[in-house]
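A short worksheet on the structure shown next.
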Amino acid sequence: MPELPEVETVRARLEPKLVGRRFEHVGIFDPRLTRPADPAGVAAELEGERVAALDRRGKYLIVRFESGRVLLIHLRMTGQLLHANGGRPPAGDVHRRAVVKLDDGSDVVYRDVRRFGTWQLLDEDDLLSYLAQRIGREPLVRSFTSKRLAEALEGRRAPLKSALLDQRRLAGVGNIYADEALWRARLHPLRPAGELSAEEIAALHRGIRAALRAGIARQGATLSNYRTPDGSPGRMQEEFRVYGREGEPCERCGTPIEKIRAGGRGTWYCPSCQR
DNA sequence: TTGGCGTCCTGGAGGC
DNA sequence: TGCCTCCAGGACGCCA
């Protein structure tokens, strides 16, 4: 499930392949992929566009074109962007939803098993308002201090786990890194988000940033579908402290990791050292 | 305004 | 072996 570290890895790996390149031909095969649902129209509008930059905001990839327009991509659950040096695509790949042929002869293939991912072609002004309504603070920028985190959680009665998943408050944290951050901060996922002390907020701030940085350093986590653009898996899944480790001993205190539902999502935590 | 839940979607796991 | 059910989860809409 691509979260901030996975999307940042895709961005960093794809950037040198995309920037300066022109979209020579675009094929979109899934009518659900584009917003609005006009794949042929979006494909036609993308053809001829030259990439000026590849950015990320939260879990969104932002392909900026020299024309001023942007392609906003969200991978959701199982979206993949793969870069290949041309040639024939693998036969029989039923999950291939779009292919962009670049002017250097290489291809960018978009695969998505569960078809939740989205592509939106927007103008710069529309992008700003679109993201402003949906995306909160970036947790890895310098200006994201523990004071900013406290502001994001202030007054919230929702469980910490739910609050961390709320993209309008904090951008890019998903189910995996929320659990990993809460373990690092020694905080129980069901604690009311607005009732943390200053010390606990500071610990959570450190935990969020440490978990996300660890994910980026290991090229993300591959549980099922996620791959970097060259097709290789991430390594963060080898470093999970709690996520998916039900019954295994907590590496801090030895207590078996437990699994509960929080915010409608599977949630793993240590019942002894997360309070 | 906030929180909780259902929906979308498909593959894999597990039970029978 | 084959069929069925459940589970996974990001974003969004709806309801209380």
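Letters go in sequence order (proteins before strands), and every chain restarts at 1.
- With sequence neighbours excluded, the residues satisfying side-chain contact (heavy atoms from CB on, under 4.5 Å) with Pro233(A) are Thr222(A), Arg227(A).
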>> Each nucleotide in nucleotides 11-16 of chain C should get exactly one letter: B, S or -. Can you fill that in based on protein heavy atoms under 4.0 Å?
In response: BS----

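- Contacts classified as salt bridge (charged side-chain N to carboxylate O under 4.0 Å, His left out) and involving residues 127-147 of chain A (residues at least two apart or in different chains) are given here: Arg56(A)-Glu138(A), Arg57(A)-Glu138(A), Arg137(A)-Glu151(A).
- Each end of the helix from dT2(B)-dA16(C) to dC16(B)-dG2(C) yields a helix axis from five base pairs, and these two axes differ in direction by 50° (to the nearest 10 degrees).
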> Run the salt bridge (charged side-chain N to carboxylate O under 4.0 Å, His left out) check on Arg69(A) and Glu49(A) step by step: do they pass?
Replying inline: CA-CA 9 Å; Arg69(A) 295 202 293 180; Glu49(A) 292 279 9; 3.1 Å; yes

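- Tyr243(A) comes within 4.0 angstrom of sugar-phosphate atoms only, judged by non-hydrogen atoms across all strands, and of no base.
- Backbone-only contact: Gly266(A) has heavy atoms under 4.0 Å from sugar-phosphate atoms and none from a base.
- Running 5' to 3' along DNA chain B, contacts with non-hydrogen atoms of chain A at under 4.0 Å begin and end at dT2(B) to dG11(B).
- Near DNA chain B, meaning a heavy atom under 4.0 Å from it, residues 110-119 of chain A has Val113(A), Arg114(A), Arg115(A), Phe116(A) in order of number.
- Within 4.0 Å (heavy atoms only), Lys259(A) reaches sugar-phosphate atoms of the nucleic acid but no base atom.
- Using a 4.0 Å heavy-atom criterion, one finds that Pro192(A) contacts no nucleic acid atom at all.
- Residue contacts for Arg168(A): at a heavy-atom cut-off of 4.0 Å it reaches no nucleic acid atom on any strand shown.
- If you check every strand for non-hydrogen atoms under 4.0 Å, Met1(A) touches sugar and phosphate atoms only.
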> Could you walk me through whether Arg168(A) and Asp166(A) pass the salt bridge (charged side-chain N to carboxylate O under 4.0 Å, His left out) check?
Replying inline: CA-CA 5 Å; Arg168(A) 292 166 298 185; Asp166(A) 186 348; 3.2 Å; yes

